[in-house]
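Written below as structure tokens is the structure these notes are about.
If you read the sequence from its start, that first residue is 1, and numbering goes on from there.
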Amino acid sequence: MSSNTTIDEPRDIAPARALHRWAVLIVCLVWPLIWIGGLVTTYDAGMAVPDWPGTYGKNLFLYPYQTWLLGPFDLFIEHGHRLLAAIVGFLAIIAFAVAVMTEPRKWVKYLSLGLLLAVICQGALGGARVVLSDRTLAMAHGCTGPLFFVICVALAVVTSRWWWNQAAAQSRGATVAPTKTQLRLTTTIVVLSFCQLLLGAQLRHVLPTASPSGFTHLVYSHIAGAFGLWGLTFALALHQVRRKAGCGDLTLLRPGYLLVGFVGIQIGLGLATWVANYGWPYFAQFGPFSAGYLVKSKAFVEAIVTTAHVATGSLILAVSVTLWLRLMKQRLQVS
């Protein structure tokens, strides 16, 4: 084996490849799961199936598919959400077993265990929301979903080829340690992204007892946070371009660019979500927007826009955590 081959493909990369594939598969299923969960909330379908863990007294997997596929749309998305969540749970069990058998790093085994415990807790929280018919639990379920997504993404990142190859790259001096500015900006983006999700969850699950002034405060805080987050992503991308982060390492530059684009899209989706739910805002009520707009409850396009806003928020958090982990890898040289 040549020296170049040794550097590009370290021997100890082999044990982690199976776990990485399972982690990537889970990530690819959890984001659609967040989409479907968002649709459940948008359509107020959380109680379309009044019992749990079964479906109308039947086993979750034995419920007649004709009734599920051809029944009411509320039942379709709620039962579908449960089925996909169960599949993710089984995959989390397999991922943990693979980690125990093949992963040489003890802390990664604990991370895979954390993923398994997180999916169990998330399922139990969703079940409690149904059994107790509690709107607050629905809001908590929506807030912890993105955190579970982040754990899945983190497991995929730390088992990736890039992560293993950093040790060889650092020994050659091929990487540059991230600056304190990079780390501070990225950490702030991660925290603010999650705070935005918390604010958004409160707006989506606003309680009937909420005061108009409190709701207005939440809206303004959410808007200010969105533009503040966008500004931070611009600052991070500009800093990385000027510094040529990681000697041009695209695994660091691309997430920075993606964050700028995703947050911009998210702001546009947020405006569209407001229009879909409440009509045009005050500042836009002129010309063709001054009259004639009808807010359509549970209309398909409006529901997709609103759910896309929710799902993109989770994606922003996942990308920012990915960048943070890669920066920390270069800074701390975690093996």
>> Are the side chains of V190 and F194 in contact, using a 4.5 Å heavy-atom criterion?
In response: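 A side-chain contact under 4.5 Å is absent here.
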
>> So R17 and T102, do their side chains get closer than 4.5 Å, heavy atoms only?
In response: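 T102 vs R17: side chains apart.
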
>> Would R326 pass as a cation-pi partner of W162, given that its NZ or CZ must be under 6.0 Å from the six-membered ring centre and within 45 degrees of the axis?
In response: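 Verdict for W162: a cation-pi partner in R326.
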
Do any side-chain atoms of residues 22-39 form donor-acceptor pairs under 3.5 angstrom with protein atoms, and if so which ones, sequence neighbours left out?
{"unit_1": "W31", "atom_1": "NE1", "unit_2": "A311", "atom_2": "O", "d": "3.0"}

Nearest heavy atoms of [X] and [Y], plus distance in Å:
X	Y	result
H222	Q196	O-NE2, 2.9 Å
V49	G54	CG1-O, 4.1 Å
P255	L323	CB-CB, 4.0 Å

Looking at [X] and [Y], would you say the former's side chain and the latter's main chain have a donor-acceptor pair under 3.5 Å?
X	Y	answer
R82	I77	no
S112	K109	yes
D74	A45	no
Q266	H309	yes
D134	R129	no
T144	H141	yes
T55	K58	no
W163	V157	no

Same apolar cluster: [X] and [Y], side chain cutoff 4.5 Å:
X	Y	answer
V319	V191	no
L137	Y43	no
V40	M47	no
L91	L60	yes
I93	V100	yes

>> Go through it in stages, so that I can follow the logic: the residues are H239 and T179, the test is side-chain contact (heavy atoms from CB on, under 4.5 Å), and I'd like the CA-CA distance, side-chain angles, deciding distance and then a yes or no.
In response: CA-CA 10 Å; H239 178 79; T179 65; 2.9 Å; yes

>> So for atom OH, which belongs to Y110, do other residues, nucleotides or ligands contribute more than 12 heavy atoms lying within a distance under 6.0 Å?
In response: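 Atom OH in Y110 is not packed in, count stays at 12 or less.
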
> Does F215 CZ have over 12 foreign heavy atoms under 6.0 Å away?
Replying inline: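 Correct, the count exceeds 12.
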
>> Checking E302 against V275 for the side-chain contact (heavy atoms from CB on, under 4.5 Å) test, could you report, in this order, the C-alpha distance in whole Å, the side-chain angles of both residues, the deciding distance, and whether it holds?
In response: CA-CA 9 Å; E302 285 80 355; V275 173; over 6 Å; no

>> Go through it in stages, so that I can follow the logic: the residues are F61 and L83, the test is side-chain contact (heavy atoms from CB on, under 4.5 Å), and I'd like the CA-CA distance, side-chain angles, deciding distance and then a yes or no.
In response: CA-CA 7 Å; F61 297 101; L83 284 175; 3.9 Å; yes

Roughly how far, to the nearest 0.5 Å, is the [atom2] atom of [Y] from the [atom1] atom of [X]?
X	Y	atom1	atom2	value
I189	L317	CD1	CG	11.5 Å
L269	I265	CG	CD1	7.5 Å
M139	R204	CE	CZ	12.5 Å
L75	L69	CG	CG	9.5 Å
Q182	Q330	CD	CD	8.5 Å
F227	L229	CZ	CG	11.0 Å

>> Go through it in stages, so that I can follow the logic: the residues are L111 and L115, the test is side-chain contact (heavy atoms from CB on, under 4.5 Å), and I'd like the CA-CA distance, side-chain angles, deciding distance and then a yes or no.
In response: CA-CA 6 Å; L111 181 61; L115 185 148; over 6 Å; no

Could you tabulate the donor-acceptor pairs under 3.5 Å formed by side-chain atoms of residues 146-156, not counting sequence neighbours?
none

> Going by the angle between their ring planes, with limits at 30° and 60°, are Y63 and H79 parallel, tilted or perpendicular?
Replying inline: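 Plane angle between 30° and 60°, so tilted.
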
> Looking just at side-chain N and O atoms, do T136 and H205 make a donor-acceptor pair shorter than 3.5 Å?
Replying inline: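 Checked: T136/H205 side chains show no N/O donor-acceptor pair below 3.5 Å.
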
> Would you say the side chains of T42 and T307 form a donor-acceptor pair under 3.5 Å?
Replying inline: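 Yes, because at least one side-chain N or O of T42 sits under 3.5 Å from a partner of the opposite role on T307.
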
